There are 2 protein chains.
Amino acid sequence: MSQAAGEPSEGWQLLDDQLCFALYAASRAVTARYRPLLDELGLTYPQYLVMLVLWEQDSISVRDLGTSLQLESSTLSPLLKRLEAGGLVRRERRAEDERSVAIRLTEAGASLRERAARVPLAIGDAMGLTSEQDAMAKQLLRLITANVTNG
Amino acid sequence: MSQAAGEPSEGWQLLDDQLCFALYAASRAVTARYRPLLDELGLTYPQYLVMLVLWEQDSISVRDLGTSLQLESSTLSPLLKRLEAGGLVRRERRAEDERSVAIRLTEAGASLRERAARVPLAIGDAMGLTSEQDAMAKQLLRLITANVTNG
DNA sequence: CCCTAATGAGTTGCGCACGACTTAATCGAG
DNA sequence: CTCGATTAAGTCGTGCGCAACTCATTAGGG
C-alpha cells in the first residue's frame, strides 16, 4: 500500500483503490481507442452513439434520443447541428407537435452504417474479454448506473 | 447488410448490447453522483482526483500527475491554475530542472482532506456493490484499460 | 374559452479532454 | 564544448457535458 510522504496513509482516499477512478480511466481509454476508427468516418464518439441509435430507429425526437443516451438537449442540440452540417441527418419540426424535432438519417447517414460495421468488432477485439467477462462487466456497470442514478 | 426502418436489427450495432456504452453511461452517472458532494468542497470531479493524488504524495510534478491520472498537460495545466486560484495548491519551478513544475498543497488544500473524507464512503454506499462485486468490477475495468491502451 | 403550468428544443457559460502546436530547458552524440 | 534532439509545461482550437436559463408550443383545470 502506498504511503504519504512521511505519514502513513489511512486507507481511505487512495486513488488506485477507488472503483470510480477505474471507471473514469477505462471510459477514457476506450474512447481513445475508438478515435482513430471514428476519425475515418468523420465522427466523434458521442456522434457515433447517436448514429447507432438512428440506425436502430430512424426518425426519433431529440427528447427520445436524450432518454436513450442519457444526455441533455443542451448536449444533443449542438451535436445534432454538427451532424446536420456534415450531411448525415436532417432536423425537421413535427407537424403534430411543433415543439418536437424529428431527427432523420440522410442517404449519406444511412449508408455510413456499412462502413461503421467493423468498428464494434475492432473494439471488442481490442478489449480482449471472454464473453463471460464481457457479460459480467456489462451487468456490473448497469447495476452501478442504476444504483447511482436513483438511490 | 443494412436494413429498412422498422425491421429488426441484426445484433451488431445495438447500443444496449455494447459494453462501451455501458461504460460511458456508468462513468457519467457516477460523476453526476459526485457532483453535489464535491460542490460543497468547491471541486470538480477531475480536480478531486488531483487532490486525491496530492493527499497521497505532496509535491509532485505535472508530468507525474499526468502519469497517475492518465491526463495530458493540456488538460492539467489549466486545471491546476484553477486550483491555484482557489488557494488549494502552489506551483513552483523546480531548481534542479527548470522545465519541471512542482505542485504542492497549501494549508487550505491539506486541510480539505478531512472534509473530503466522507465522499468516498458516500459514493461507495450509493454504488451499493458487495465487496466481491466491487473487486470484480475494478479487476475487469483495469483489464479493459490495459488491453485497450497498448494492444 | 382562457390562462397558467408543463413540455421540447435551444442558448449560454464554464470546465474538462485531447490533438497540434509553441517555448524553454536539458540531454547527449560527436 | 556544441548543437540538434528530447523533454516539460503550457497555449489554442474544437467538441463534449451539464446547470441555468430562454422561447415557443401544447395541455389541462376552472
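Please read all numbers here as calculations on a predicted model, not as lab measurements. Residue numbers begin at 1 in each chain, while the letters A, B, ... track the order of the sequences.
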>> Could you tell me if the side chain of B/V50 sits less than 4.5 Å from the side chain of B/L71, heavy atoms only?
In response: no

> Looking at side-chain heavy atoms only, is the closest gap between B/L49 and A/Q18 below 4.5 Å?
Replying inline: no

> Between A/V30 and B/C20, what is the shortest heavy-atom contact and its length?
Replying inline: CG1-CB, 4.1 Å

> For nucleotides 6-19 of chain D, read 5' to 3', which letter fits each nucleotide if B means a protein heavy atom sits under 4.0 Å from the base, S means only the sugar-phosphate is that close, and - means neither?
Replying inline: -BSBBBB--SSBBB

> Quick one: how far along DNA chain C does chain B reach, first to last nucleotide 5' to 3', anything under 4.0 Å to a heavy atom?
Replying inline: C/dG15 to C/dT26

> Among all residues two or more places apart in sequence or in another chain, which pass the side chain to side chain contact (heavy atoms under 4.5 Å, CB included) test with B/S61?
Replying inline: B/R63, B/D64, B/R94, B/S100

>> Given 3.5 Å as the limit, does a donor-acceptor pair link the side chain of B/R82 with the main chain of B/Q47, or not?
In response: no

> Looking at B/Y48, B/Y24, B/Y45, B/Y34, which hits ring-ring contact (aromatic ring centres under 6.0 Å, His included) with A/Y24?
Replying inline: B/Y45

> Checking side chain to side chain contact (heavy atoms under 4.5 Å, CB included) against B/K138, which of B/L141, B/L140, B/D134 comes through?
Replying inline: B/D134

